[in-house]
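The structure under discussion appears below in the form of C-alpha cells.
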Amino acid sequence: MDEKLKLVQEWDKTFPKSEKVNHRKVTFHNRYGITLVADLYEPKNYKGKLSAIAVCGPFGAVKEQASGLYAQEMAERGFLTIAFDPSYTGESLGTPRYMASPDINTEDYQAAIDFLSIQENVDSERIGIIGICGWGGMALNVASLDTRIKATVASTMYDMTRVNANGYFDESDSEEARFNNKVALNAQRLVDYKNGNYELGGGCLELPVPEDAPFYVKDYSEYYKDRAYHSRSLNSNGGWNKIGCMSFINQPILRYSNEIRSAVLIIHGEKAHSCYFSKDAYANMIKGNKYTENKELMIIPGAVHTDLYDNMNVIPFDKMEEFFKNNLK
C-alpha cells in the first residue's frame, strides 16, 4: 500500500500558539522505515547550540495535544523540542493504522534521538526525552536502552505492558483472566482477517459519561472529547484497533530499568488512578541500581491523571526546566 504524507500546515493544536518560539513540521524515519512526523519548536533569538528534548504521549493522543503543549513550553524555556506522532498514528505513516508495539514505539523514540543528534543547532551530547502517560513507560524503557539520552521525564505514566496483562489496578492479574483475554483477542484476529480490516476498540466515552462510571473514565472523556478534542486523536474518536495492543500482554518493557545510569524524573498526581504505576516503576528502577542520586519521584498533591496533560497550574514546568538544565550540560 502506497503511503503519502499529508501534513497540515495551519495551526491545529489544542493549545494557543506561542509567539516566543519558532514552529515548523519535520519528518524523520525509524529503523523499520516508517516515516514519523513531528512539530519542532525552538526559542527565538537563541545563540549557539541548544539542548534538545523529544516528547511523546499520551497513549492514543496526537502531537497536537499534551505532547505539543509540553514541547512548546519547554522551547519557551530555552530548549529545542520536537513532539512526534508514534508509528501508525496521527500524521506519521505506517499501515495498518492504530497499531501499537513495545518494540516499534521504543524505536520511535530512538529515531527521534537520531534526528535531533544531527541538527546543526543541537548539541548531540545534551539530549533528553519526555514521555506522557503510556509514553512515560516507553520513555523509561528507551532510557534503559539508549545511552545517548542524558535525562528523562516520565509524566503521569502508565506501564502499558502491565495494564494490558493485568488490567487496571492489577484486578485481572491471573492466568485464567489472561487466558480468556487472549482467547478473545485471537478470535478477533480471525474476524479481522476474514473481513480484511481491523475493528476499532472505541475511544473515550461521549459526554456526559454515565454517573456510575469511574472518575478516571470521566477524566479522560472530559479531556479527549471536550477541551482537547482532535480529529486525528485515537482517544478522541474510534480508539485503537481491538488487537492493536495485543503484544503488550507478554512483553514487559521495564526489565532493565534498574540499570539506567542517566537522570530520571518521574512525576505523578497524588489523586491519579494511575499513580501506582509511577510509584512501582520508581521503586523497581532504584532497586539495586548503582546510580540513584540522579533519580527522583515527584508526587503532586491533589492532582489527578489528566491534570498533567494540560493544567498549566499543576504541571511542574519549573521543576522540569531545572531538571533538564542540571542534567543536559
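Quantities reported herein were computed from a predicted structural model and do not represent experimental measurements.
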Would you say T89's side chain and D85's backbone share a donor-acceptor pair under 3.5 angstrom? no
Residues N164 and I249: closest non-hydrogen pair is O-CG1, 3.8 Å
Kindly say whether A177 contributes a backbone atom to a donor-acceptor pair with the side chain of N180 at under 3.5 angstrom? no
Does the side chain of D103 pick up a donor-acceptor pair with the side chain of Y32 at under 3.5 Å? yes
If the plane angle is over 60° it's perpendicular, under 30° parallel, otherwise tilted; pick one for F59 and F248. perpendicular
For the pair Y223 (side chain) and D307 (backbone), establish whether a donor and an acceptor sit closer than 3.5 Å, ignoring hydrogens and angles. no
Side chain to side chain contact (heavy atoms under 4.5 Å, CB included) between M320 and I315, worked out: CA-CA 9 Å; M320 291 165 59; I315 303 171; 4.2 Å; yes
Donor-acceptor under 3.5 Å (D146 side chain, V142 main chain): no
Applying a strict under-4.5 Å side-chain criterion to I, L, V, M, F, W and Y, I'd like to know whether I129 and Y256 cluster together. no
In this structure, would V62 and Y88 fall into the same cluster of hydrophobic residues linked by side-chain contacts under 4.5 Å? no
Which class fits the ring pair F169 and Y276: parallel under 30°, tilted 30 to 60°, perpendicular over 60°? tilted
Side chain to side chain, L116 and R148, heavy atoms closer than 4.5 Å: no
Decide side chain to side chain contact (heavy atoms under 4.5 Å, CB included) for Q119 and K49; before the verdict, give the C-alpha distance in whole Å, the side-chain angles of both, and the deciding distance to 0.1 Å. CA-CA 9 Å; Q119 301 309 301; K49 291 183 177 288; over 6 Å; no
If you take all heavy atoms of P43 and F79, which pair is closest and at what distance? CD-O, 3.3 Å
Hey, are the side chains of H268 and S274 touching, using non-hydrogen atoms and a 4.5 Å cut-off? yes
May I ask you to say whether D12 pairs ionically with R232, meaning some side-chain N is under 4.0 Å from a carboxylate O? yes
N181 and S172: CA distance, side-chain angles, deciding distance, side-chain hydrogen bond (donor to acceptor under 3.5 Å, both in side chains) verdict: CA-CA 10 Å; N181 186 26; S172 301; over 6 Å; no
Under 3.5 Å, side chain of K295 to main-chain N/O of Y291, donor-acceptor pair present? yes
Grab the two heavy atoms, one from S101 and one from S247, that are nearest each other, plus how far apart they are. CA-OG, 4.4 Å
Is the backbone N or O of F215 less than 3.5 Å from a side-chain atom of D219, with the two atoms forming a donor-acceptor pair by type? no
Taking the side chain as every heavy atom from C-beta outward, state whether F324 and V153 have any pair of such atoms under 4.5 Å apart. yes
Side chain to side chain, T81 and Y70, heavy atoms closer than 4.5 Å: no
Y41 vs F15 aromatic rings, parallel, tilted or perpendicular, using cut-offs 30° and 60°? tilted
What verdict does the side chain to side chain contact (heavy atoms under 4.5 Å, CB included) test give for I34 and S92, after you've listed the backbone C-alpha separation in whole Å, the side-chain angles of each residue and the deciding distance to 0.1 Å? CA-CA 8 Å; I34 299 171; S92 292; 5.6 Å; no
List the atom of I132, the atom of L308, and the distance in Å for their closest heavy-atom pair. CG2-O, 4.5 Å
Does one side chain, of S233 or Q65, offer a donor that lies under 3.5 Å from an acceptor on the other? yes
Main-chain N/O of S236 paired to K225 side chain as donor or acceptor, under 3.5 Å: yes
Minimum heavy-atom distance A38-F28, with the two atoms named: CB-CE2, 3.9 Å
Just by modelled atom types, is the R24 backbone N or O under 3.5 Å from a matching donor or acceptor in the E42 side chain? no
Strictly by salt bridge (charged side-chain N to carboxylate O under 4.0 Å, His left out), give each pair with a member in residues 119-145 just once, sequence neighbours left out. D123-R126, E125-K150
Is the gap between the ring centers of F84 and F115 under 6.0 Å? no
Do L254 and N284 pass the side chain to side chain contact (heavy atoms under 4.5 Å, CB included) test, and can you show the C-alpha distance, the side-chain angles, and the key distance before you say yes or no? CA-CA 9 Å; L254 301 178; N284 292 332; over 6 Å; no
Connecting only ILVMFWY residues whose side-chain heavy atoms lie within less than 4.5 Å of each other, what is the rest of F179's hydrophobic cluster? V183
Is there a side-chain contact between M312 and E73 (heavy atoms, below 4.5 Å)? yes
Parallel, tilted or perpendicular: which one describes the rings of H305 and H273, with boundaries at 30° and 60°? tilted
Any donor-acceptor pair under 3.5 Å from S221 side chain to E206 backbone: no
Provide the full list of salt bridge (charged side-chain N to carboxylate O under 4.0 Å, His left out) pairs with a residue in residues 260-276, sequence neighbours left out, each pair given once. none
Does any part of the side chain of N250, heavy atoms only, come nearer than 4.5 Å to the side chain of K182, both counted from C-beta? no
Only one of T106, D108, D114 clears side-chain hydrogen bond (donor to acceptor under 3.5 Å, both in side chains) with N30; which? D108
Residues D173, R162: salt bridge by 4.0 Å N-O rule: no
Residue pair S18, E76: steps toward the side-chain hydrogen bond (donor to acceptor under 3.5 Å, both in side chains) verdict: CA-CA 8 Å; S18 170; E76 285 191 358; 2.5 Å; yes
Using atom types as modelled and distance alone, determine if a side-chain donor or acceptor of N241 lies under 3.5 Å from a backbone N or O of Y98. yes
Please state whether the rings of Y224 and Y220 are parallel, tilted or perpendicular, taking 30° and 60° as the class boundaries. tilted
Nearest heavy-atom neighbours spanning S257 and N289: O-ND2, 4.0 Å
Find out whether T306 and E222 are in side-chain contact, i.e. whether some heavy atom of one side chain is under 4.5 Å from a heavy atom of the other. no
Heavy-atom side-chain contact between Y168 and Y158 under 4.5 Å: yes
Partner of E91 under side chain to side chain contact (heavy atoms under 4.5 Å, CB included), picked from V37, T35, D39, is V37
